[in-house]
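A quick note: this is a predicted structure, and the numbers were derived from the prediction, not measured. No hydrogens, no waters, no symmetry mates; every other heavy atom, side chains included, goes into these values.
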Amino acid sequence: MKEPRRFSGIRNTASVDGAVPGLARNVWDQHKLRAKYPQLKENISADVCVVGGGIAGLSIAYNLAKAGKSVVVLESRTRGSGQTGRTTAHLMLWNDDYYHLQEQNFNLDTAKVLAESHRQAIDWVAKTVEEEGIDCHFHYVDGYLFPHTAEPSTAETLDKELGAAVRAGLTDVRKVNLENDPAAGLVGEALLFPRCGDFHPLMYLEGLADAITKNGGRIFENTRVRQTEGKEVRTRDGFVVTAPNIVLATNPPIHHNMTIHARLNPQRSYVVGLQMPEGCFKPNSQFWSTATPYHYIRTESHPEHGEVMIVGGADHSSGIKPQEYVDRFDMLESWARQRWPKAGKRVYEWSGMVYKPLDQVGLYGQDPGNDLQSDGTYYIAAGHSGQGMTGGTIAGIIISSQILGNQHPWSDVYSPSRLPAASTTTAQQLFEVSRTTIQAFTEVVLPGRSDKPGDLAPGEGAVQQAGKDKVAVYKDEAGVEHTFAAACPHLGCLVQWNPLDGTFDCPCHGSIFTKEGKCINGPAVEDLKPVKIGTFGLKEDKEAAIAQGGKTF
């Protein structure tokens, strides 16, 4: 049997400089983020409590603060430390789950709402940037959907998508020929989606945060939420925000409502940044391939590296087994160089999380489990698929409108309470999510591999058997092994070691933990519990862990 390739787990480290856990060294300089706003250290009240300081949470808070509502934002680390700081930042007029499939799975009216919401979201960002004077490099660009093969079926897909986009109201979408221009990735025929948008997501968030506080909103960083009940949002430190309206804008919502979690398929997506010589990339352009998973490409100017071509893709399900990993960064770079042969040195590599809803439409609005909460009204923003910046903005428009007492015309299409579309795609996604969850629960109790201390090289991790229990083990560069309970604290699924990122990932709902056990992506709200191999599994140790963690949700 061939020995699986071993990755160091430190190339795309999820903990940089030890200051804020889980930040990536990327073209947005996410690793330089530091807390700007205070930690919550008292009980307070507001009209609205928004949990999450990414694009969805800050868009919602901005709209509400501007409308005169008292708003509190709680962020567990710093604004932009989650997936907004790991995006490739495409504001897309194209729906990456295809308008012709949405028309087929739902109906033409739904496709029209999707198209109009994408168009208005991009214009909303442009308007906000202008009104608030946000310096975030925003500009309109052309987006190109291009065939990944020369097969007739791929050309047919373009034709179907063109017809559906026009029927959905995007009458300015058209087929163009880029004549195999090397600066355009050697693309020939493609669909042109005009007035998409490029921007710097962290600079944009900084502007939104400033505008929120200018309008009376309050932002608290390093404030992790542990429990929500009724109108109360309780932090890990025991302080309470009381609000009649509570928004969980944490990507997957930090609760146990399986009517939502069972509809979200968590996936890892990868990015490389290649230096691009001047004039070698078509200016003011985005590109998306028709492959599955698809590639998405744009550029960004960086003060140190100049023009950087950002290439994303190579998605896979969260929490796969360590031996199933291949070098996704090398795959992306190789693909990019075939299309843009003049691309230069690789200067960045990072990954992010994508949550694909079963029927490929985001879940923005009142939580279906709201009736289980006694007197608070809960909202969620989840399932952005591969369009987090556009989707987060759409969520900001819909949810803020609902809290202000208005029934937004897009609400029904994006409602988290809607019935999923009955389609082959929905059935396949449901089967995959169900199978992964059952397997991850089962592996917690089934015997597993029993590596001995010392089997790991420095920088490596694994999930090992310790008596009747599983432990997540990481060996640091000094050779010291750090061990944690391997059950995800969200719902108990078995985490898996991710050798590319150096993290422990949950296959069920996408929670991510650093090699030090720190939670950096929900829905989990607790870190992995430290344990000692040799004593883990004893009654007194389990009771101590429960006493330390307390009740969460």
Below 4.0 angstrom, N of the basic side chain to O of the carboxylate: do [X] and [Y] qualify?
X: R77; Y: E221; value: no
X: K356; Y: D97; value: yes
X: R346; Y: E333; value: yes
X: D476; Y: K515; value: no
X: R226; Y: E526; value: yes
X: R234; Y: E229; value: no
X: K41; Y: D237; value: no

For [X] versus [Y], what's the shortest heavy-atom pair and its separation?
X: N498; Y: D505; result: ND2-OD2, 2.9 Å
X: T84; Y: G54; result: OG1-CA, 3.6 Å
X: A486; Y: V463; result: CB-CG1, 4.0 Å
X: Q30; Y: G22; result: OE1-O, 4.3 Å
X: L274; Y: A343; result: CD1-CB, 3.9 Å
X: P252; Y: H509; result: CG-O, 4.4 Å

Legend entry - Test log, rule side-chain hydrogen bond (donor to acceptor under 3.5 Å, both in side chains), inputs T503 and D501: CA-CA 5 Å; T503 57; D501 287 280; 5.1 Å; no
Does [X] reach the side chain of [Y], with side-chain heavy atoms less than 4.5 Å apart?
X: V311; Y: Y270; answer: no
X: Y98; Y: T290; answer: yes
X: Y379; Y: L248; answer: no
X: M276; Y: W340; answer: yes
X: W497; Y: Y325; answer: no
X: V247; Y: V48; answer: yes
X: Q387; Y: H90; answer: no
X: R218; Y: V71; answer: no

Whether the side chain of [X] engages the backbone of [Y] through a donor-acceptor N/O pair (distance < 3.5 Å, no angle test) should be reported.
X: R337; Y: G344; result: yes
X: Q83; Y: M353; result: yes
X: T88; Y: G312; result: no
X: T299; Y: E307; result: no
X: S269; Y: D315; result: no
X: Q338; Y: W335; result: no
X: N26; Y: G85; result: yes
X: W28; Y: T87; result: yes
X: K529; Y: A485; result: no
X: S289; Y: H295; result: yes

What distance separates [X] [atom1] from [Y] [atom2], expressed to the nearest 0.5 Å?
X: L264; Y: L363; atom1: CG; atom2: CG; value: 5.5 Å
X: Y378; Y: I246; atom1: OH; atom2: CD1; value: 3.5 Å
X: K32; Y: R25; atom1: NZ; atom2: CZ; value: 9.0 Å
X: K518; Y: F484; atom1: NZ; atom2: CZ; value: 8.5 Å
X: T514; Y: F504; atom1: OG1; atom2: CZ; value: 9.0 Å
X: D455; Y: K475; atom1: CG; atom2: NZ; value: 7.5 Å

Inset, instruction - Compute whether any side-chain donor of one residue and acceptor of the other, for E300 and H137, lie under 3.5 angstrom apart. - result: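 Judged by distance alone, the side chains do pair up.
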Inset, instruction - Would you check if the distance from the ring center of Y348 to the ring center of H305 is below 6.0 Å? - result: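 Yes, they do, as the ring centres are separated by less than 6.0 Å.
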Legend entry - Atom NZ of K36 with >12 non-hydrogen neighbours under 6.0 angstrom: yes
Inset, instruction - Could you please spell out the steps behind the side-chain contact (heavy atoms from CB on, under 4.5 Å) verdict for V308 and S301? - result: CA-CA 6 Å; V308 176; S301 180; over 6 Å; no
Legend entry - Sulfur-sulfur distance C506/C493 under 2.5 Å: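 Between C493 and C506 there is no disulfide, given that their SG atoms are not under 2.5 Å apart.
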Legend entry - Residues S351, R268; criterion side-chain hydrogen bond (donor to acceptor under 3.5 Å, both in side chains); working and verdict: CA-CA 7 Å; S351 71; R268 279 278 197 177; 2.7 Å; yes
Inset, instruction - Determine, stepwise, if the pair V240 / V233 fulfils side-chain contact (heavy atoms from CB on, under 4.5 Å). - result: CA-CA 5 Å; V240 174; V233 179; over 6 Å; no
Inset, instruction - Show your reasoning for whether side-chain contact (heavy atoms from CB on, under 4.5 Å) applies to N265 and Y355. - result: CA-CA 5 Å; N265 186 1; Y355 284 81; over 6 Å; no
Inset, instruction - Could you give me the CA-CA distance, side-chain angles and deciding distance for N251 and N521, then say whether side-chain hydrogen bond (donor to acceptor under 3.5 Å, both in side chains) is met? - result: CA-CA 9 Å; N251 210 350; N521 191 74; 4.6 Å; no
Inset, instruction - Show the numbers, then the answer: is there a side-chain contact (heavy atoms from CB on, under 4.5 Å) between R86 and W350? - result: CA-CA 7 Å; R86 288 174 171 265; W350 76 93; 4.1 Å; yes
Inset, instruction - Can you sort out the partners of A524 under side chain to side chain contact (heavy atoms under 4.5 Å, CB included), two or more places apart, ordered by chain and number? - result: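 Only C488, P489, H490, S511, F513, C519 meet the side chain to side chain contact (heavy atoms under 4.5 Å, CB included) criterion with A524.
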Inset, instruction - List for me each residue that meets side chain to side chain donor-acceptor pair (under 3.5 Å) alongside D29, sequence neighbours excluded, and say none if there are none. - result: H302
Inset, instruction - Check the pair K470 / Q465 against side-chain hydrogen bond (donor to acceptor under 3.5 Å, both in side chains), numbers first and verdict last. - result: CA-CA 5 Å; K470 303 288 197 310; Q465 191 80 30; 3.2 Å; yes
Legend entry - Parallel, tilted or perpendicular: rings of H255 and H261 (30°, 60°):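 Perpendicular.
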